[in-house]
Novice: 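Here it is, the structure in full.
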Amino acid sequence: TSNITAIVTVTDDGGSSGRLKKDKGMIPPGDIRNCLVALADAEKAMTDLFQHRFRNDSGSLSGHSLGNLFIAAMMDQANGDFERAVELASEVLAIRGRVVPASLDAVVLHAEFDDGTDMEGETKIVQAQKRIKRLTLIPPTCAAHRSAIEAIEKAEVICIGPGSVYTSVIPNLLVPGIADALVRSKALKIYICNVMTQKGESDAFSASQHVASITEQVPQRVFDYVMVNTGVPTTSQISRYEEVGQELVHPDIDLIHGMGFRVIAGNYMSDSDFIRHDPMKLAAKIMTMVDK
């Protein structure tokens, strides 16, 4: 289907996105850029160009993503209207569906750690590599984007994740109004658990710990199903990831059942050299659930 809406977190403050957020006062475009490219029907040369990142010896352009700069330029063309800038970028990339930010407000992610310390900023939180006790948004009164709420209200299927559990998934759910809209929704609501752990964020997390990390931060029940990968990569693949501090997420399905969720288990892994989800396997399984 082309009737897809991607609701994207706006707390990124690192790299090119962080610099544009600081220099132009705009919503960080990096995660939005990635979603635009994922939904694009444009030629591969165009999407590759959109994802191009300037080398570190490129002066003031060093580290910038061309796609981020393109969205910033579109924002100037749209007289500072970020929402319109994303719409224009969507037209250029001929995307299937829509990409909308969770909020149009300037938002900062704040974390309290188990050791009693706290920190602001998504990048610093990940780099701290500490166990997170509580996440909040600053300001706590930020408003959900109306298009995001409308998309949730009209949806037949809502997929949450996969993605960085503390810096991509949960921040969306903390925006006031988003979780409440999910609770009201009669859609099929599915959390897609990550295949691999993420260093500095979900070290050694099992599938049930991914689920628990969300339920601990978001009191509302925002999904009913959990998709868990049970496929196993090769030993050589696992070894390469272990070298960078990542490991396969253990599918402790019984614990998830015990938390009151229905588990959709299966081999959802890609057949490539990378350990990641196969989008076609995920989509096929989700559509069989829709047809029931």
Novice: Identify whether the distance between the nearest side-chain nitrogen and carboxylate oxygen of K124 and D13 falls below 4.0 Å.
Specialist: no
Novice: Using modelled atom types and a 3.5 Å cut-off, is there a donor and acceptor pairing between side-chain atoms of Q237 and backbone atoms of T234?
Specialist: yes
Novice: Using atom types as modelled and distance alone, determine if a side-chain donor or acceptor of T197 lies under 3.5 Å from a backbone N or O of Q246.
Specialist: no
Novice: H110 side chain to P139 main-chain N or O, any donor-acceptor pair under 3.5 Å?
Specialist: no
Novice: With sequence neighbours left out, what residues match H52 under ring pair (Phe, Tyr, Trp, His ring centres under 6.0 Å)?
Specialist: F54
Novice: Which pairs count as side chain to side chain donor-acceptor pair (under 3.5 Å) when at least one residue sits in residues 166-177, sequence neighbours excluded?
Specialist: T167-E201
Novice: Which residues satisfy the side-chain hydrogen bond (donor to acceptor under 3.5 Å, both in side chains) test with H64, sequence neighbours excluded?
Specialist: S16, R19
Novice: Among V226, V228, T215, which residue meets the side-chain contact (heavy atoms from CB on, under 4.5 Å) test with Y191?
Specialist: V226
Novice: With F113, which residues qualify under ring pair (Phe, Tyr, Trp, His ring centres under 6.0 Å), at least two apart?
Specialist: none
Novice: F70: which residues meet the ring pair (Phe, Tyr, Trp, His ring centres under 6.0 Å) condition with it, sequence neighbours left out?
Specialist: F50
Novice: Check side-chain hydrogen bond (donor to acceptor under 3.5 Å, both in side chains) between S239 and all other residues, then give those that pass, not counting sequence neighbours.
Specialist: none
Novice: Which residues pass the salt bridge (Lys or Arg N to Asp or Glu O under 4.0 Å) test with D203, not counting sequence neighbours?
Specialist: none
Novice: Under a single-linkage rule joining Ile, Leu, Val, Met, Phe, Trp and Tyr whose side-chain heavy atoms are separated by less than 4.5 Å, which residues share a cluster with V108?
Specialist: I138
Novice: Is there a side-chain contact between I286 and I192 (heavy atoms, below 4.5 Å)?
Specialist: yes
Novice: Does the distance from a Lys or Arg side-chain N to an Asp or Glu carboxylate O, for R98 and E83, drop under 4.0 Å?
Specialist: no
Novice: Would D114 and K130 pass as an ion pair if we require N to O under 4.0 Å?
Specialist: no
Novice: Who pairs with F261 by ring pair (Phe, Tyr, Trp, His ring centres under 6.0 Å), at least two apart in sequence or on another chain?
Specialist: F223
Novice: Among all residues two or more places apart in sequence or in another chain, which pass the salt bridge (Lys or Arg N to Asp or Glu O under 4.0 Å) test with R55?
Specialist: D57
Novice: Is the closest basic N to carboxylate O distance between E243 and R240 below 4.0 Å?
Specialist: no
Novice: For residues 169-188, which residue pairs qualify under salt bridge (Lys or Arg N to Asp or Glu O under 4.0 Å), counting only residues two or more places apart or in two chains?
Specialist: E153-R184
Novice: Write out all pairs satisfying salt bridge (Lys or Arg N to Asp or Glu O under 4.0 Å) with one or both partners inside residues 244-271, taking only residues at least two apart or from two chains.
Specialist: D271-K281
